[in-house]
Amino acid sequence: MHINSESIIGWYQRHKRDLPWRNTSDPYKIWISEIILQQTRVNQGLEYYLRFVDRFPDVKTLAAAELDEVLRYWQGLGYYSRARNLHKAACQINSMYNGVFPDDYQQILGLAGVGKYTAAAVSSLAFNAAYAVVDGNVYRVLSRLFGVDTPIDSTTGIKEFSELAQQFLDKSDPGMHNQALMEFGALQCVPVSPRCELCPVSAHCVAFKTDAVSQLPVKTTKVKVKNRFLNYLYIEYNGKTFIQRREENDIWKNLYEFPLIESDKLLATEELLSHPLFIEIFDGISEVVIVTTSAVRKHILTHRHIYATFTTIKINETNSYLSRLTKVANADLDRYAFSRLTMLFLEDRYKTLLE
DNA sequence: GAGGCGTGGGA
DNA sequence: TTCCCAAGCCT
């Protein structure tokens with residue numbers, strides 16, 4: 001290997017952003033930041049990080065909290081399994097390591113929600129252990145620098161890049177090396193139209209010299225988008241409404257939502273009213289008034305297109321079905337974690353009420 | 001090992 | 001508009 005990371009580390013020290021998790025050696029806070037930053041940009045995660053560590057400053061505080069509250073702090077950030085696993089891992093650390101964050105790579109790797117990337121990041125950044133991180137940035141930087149066109153999402157690609165990253169690692173300062181490589185990928189060696197004329201290693205970059213920068217890294221799989229149709233029932237009952245907690249292994253698990261009728265296509269109002277579940281939900285209630293049905297909301301996820309409606313329904317009595325749900329005053333809805341889709345509906349509704 | 005899991009931003 | 005993505009992990 002005829003190039004090392006020295007000039008990338010130099011670039012990092014000149015260009016790095018001042019971020020809160022870079023001003024601490026607390027493995028707990030470094031861990032929290034790494035989980036938040038999974039598949040998430042710094043700008044999106046920064047405020048969440050600050051609020052989260054303010055409310056849950058250490059392992060014991062996090063482990064002692066209710067999952068519902070942890071999810072409240074995660075609301076809107078996405079990939080909610082991260083929050084569930086953070087809570088689970090805090091409990092693991094409590095019971096297995098007396099609340100002291102482990103300093104060993106294998107032990108860190110054993111925590112819920114921690115894979116090879118996060119274990120390498122936390123052990124190198126907090127304990128300077130010699131493990132190279134391999135994240136999306138590193139794939140991109142290494143594939144271009146060394147001209148590797150093995151697909152990064154293939155079994156051989158994962159192995160090849162993992163070995164390359166470990167060889168490339170500056171064992172004298174693994175934490176610095178890892179941060180430098182990721183920041184370099186995030187700010188300089190960006191996915192689209194990088195400014196190679198400003199790059200400190202372009203002279204050594206195989207992709208630059210062969211004009212292949214725009215074609216690296218190589219990825220094979222393409223996500224297939226499926227449609228889902230969600231018909232939510234926003235029920236008005238004496239200033240209160242009904243919500244339920246999602247418990248299935250599905251999108252938004254453990255978040256709250258309004259009573260839901262999922263269908264395989266868009267439903268006209270008459271189809272919704274005659275749906276067996278709708279009939280069951282309002283069974284025995286004499287006066288069920290359809291106040292309004294929202295326009296269809298298209299909620300775009302990476303792998304799903306969700307078409308959702310919110311039907312506002314007014315009732316003056318309850319029944320056995322509804323009594324099994326959580327009845328909540330409208331003013332108290334902010335105590336529960338909801339998906340962005342539902343939050344956006346609630347924000348629109350609140351604005352409408354003010355008009 | 002392929003599919004599932006969120007959200008928001010930029011070209 | 002449409003596409004790709006952004007510091008992955010789990011099953």
Side-chain angles (χ1 to χ4, degrees), chain A residues 12 16-17 19 21-22 30-49 71 74-86 88-89 108-122 124-125 131-141 151-159 161-162 165 175 177-187 189-194 214-215 217-226 228 246 248-255 298-306 308 337-344:
Chain A
Y12 172 66
K16 69 171 175 181
R17 294 167 285 183
L19 301 170
W21 48 84
R22 288 187 174 150
I30 292 171
W31 169 55
I32 301 295
S33 74
E34 289 301 335
I35 300 297
I36 286 178
L37 291 173
Q38 287 173 7
Q39 308 288 285
T40 306
R41 287 188 173 80
V42 166
N43 284 342
Q44 193 188 353
L46 182 57
E47 291 304 313
Y48 282 88
Y49 170 83
L71 284 168
W74 209 269
Q75 173 180 287
L77 194 53
Y79 286 140
Y80 298 94
S81 66
R82 294 183 294 174
R84 293 194 302 273
N85 284 330
L86 272 183
K88 185 175 174 183
I108 297 172
L109 184 61
L111 299 173
V114 173
K116 285 184 177 176
Y117 163 76
T118 304
V122 174
S124 69
L125 301 184
Y131 292 89
V133 296
V134 189
D135 70 340
N137 291 308
V138 174
Y139 278 121
R140 189 167 57 254
V141 172
I152 62 173
D153 52 359
S154 65
T155 306
T156 52
I158 291 168
K159 189 170 186 295
F161 279 98
S162 170
H177 169 101
N178 281 336
Q179 293 222 55
L181 221 56
M182 290 192 285
E183 189 81 332
F184 181 74
L187 300 181
C189 195
V190 294
V192 179
S193 307
S214 66
Q215 301 166 48
V218 173
K219 217 176 280 188
T220 54
T221 59
K222 239 182 137 151
V223 291
K224 204 171 169 193
V225 177
K226 294 176 184 171
R228 289 181 73 167
R246 292 178 66 86
E248 302 307 308
N249 285 324
D250 193 7
I251 185 173
W252 303 320
K253 181 180 179 183
N254 292 163
L255 271 60
K298 189 171 180 182
H299 193 69
I300 306 293
L301 312 178
T302 301
H303 59 304
R304 293 285 181 272
H305 286 181
I306 295 176
F338 295 99
S339 68
R340 278 295 285 159
L341 170 65
T342 296
M343 283 304 295
L344 291 170

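In what follows, chains carry the letters A, B, and so on, assigned in the order in which the sequence lines appear, proteins first and then strands, with residues in each chain numbered from 1.
Between A/R82 and the phosphate of C/dC9, there is no side-chain N or O to OP1/OP2 separation shorter than 4.0 Å. Considering only side-chain N and O atoms, A/W252 lies nowhere under 4.0 angstrom from the phosphate OP1 or OP2 of B/dG4.
Heavy-atom distances to DNA chain B give each of A/R304 and A/T155 a nearest nucleotide, and the one nearer the 5′ end belongs to A/T155. DNA chain B is contacted by both A/S193 and A/I251; A/I251 maps to the nucleotide lying nearer its 5′ end (nearest heavy atom per residue).
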Going through the checks in order, is the side chain to side chain donor-acceptor pair (under 3.5 Å) test met by A/R246 and A/S339?
-> CA-CA 11 Å; A/R246 292 178 66 86; A/S339 68; over 6 Å; no
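Set against B/dG4, C/dG8, B/dT7, the side chain of A/Y117 has C/dG8 as its closest nucleotide. Which of C/dC10, B/dT7, C/dG8 sits closest to the side chain of A/Q38 comes down to C/dG8.
A/T302 contributes a side-chain N or O that forms a donor-acceptor pair with the base of B/dT7 under 3.5 Å. Residue side chain A/T40 reaches the base of B/dG6 through a donor-acceptor N/O pair under 3.5 Å, judged by distance alone.
Atoms CD and CG, on A/E248 and A/N254 in that order, are 10.5 Å from each other to the nearest 0.5 Å.
Atom CD1 in A/I152 sits about 13 Å away from atom P in C/dC4, given to the nearest Å.
Among the protein residues, A/T118 comes within range of the sugar-phosphate backbone only, with heavy atoms under 4.0 Å from sugar or phosphate atoms but none that close to a base. No contact: A/K253 has no heavy atom under 4.0 Å from any strand.
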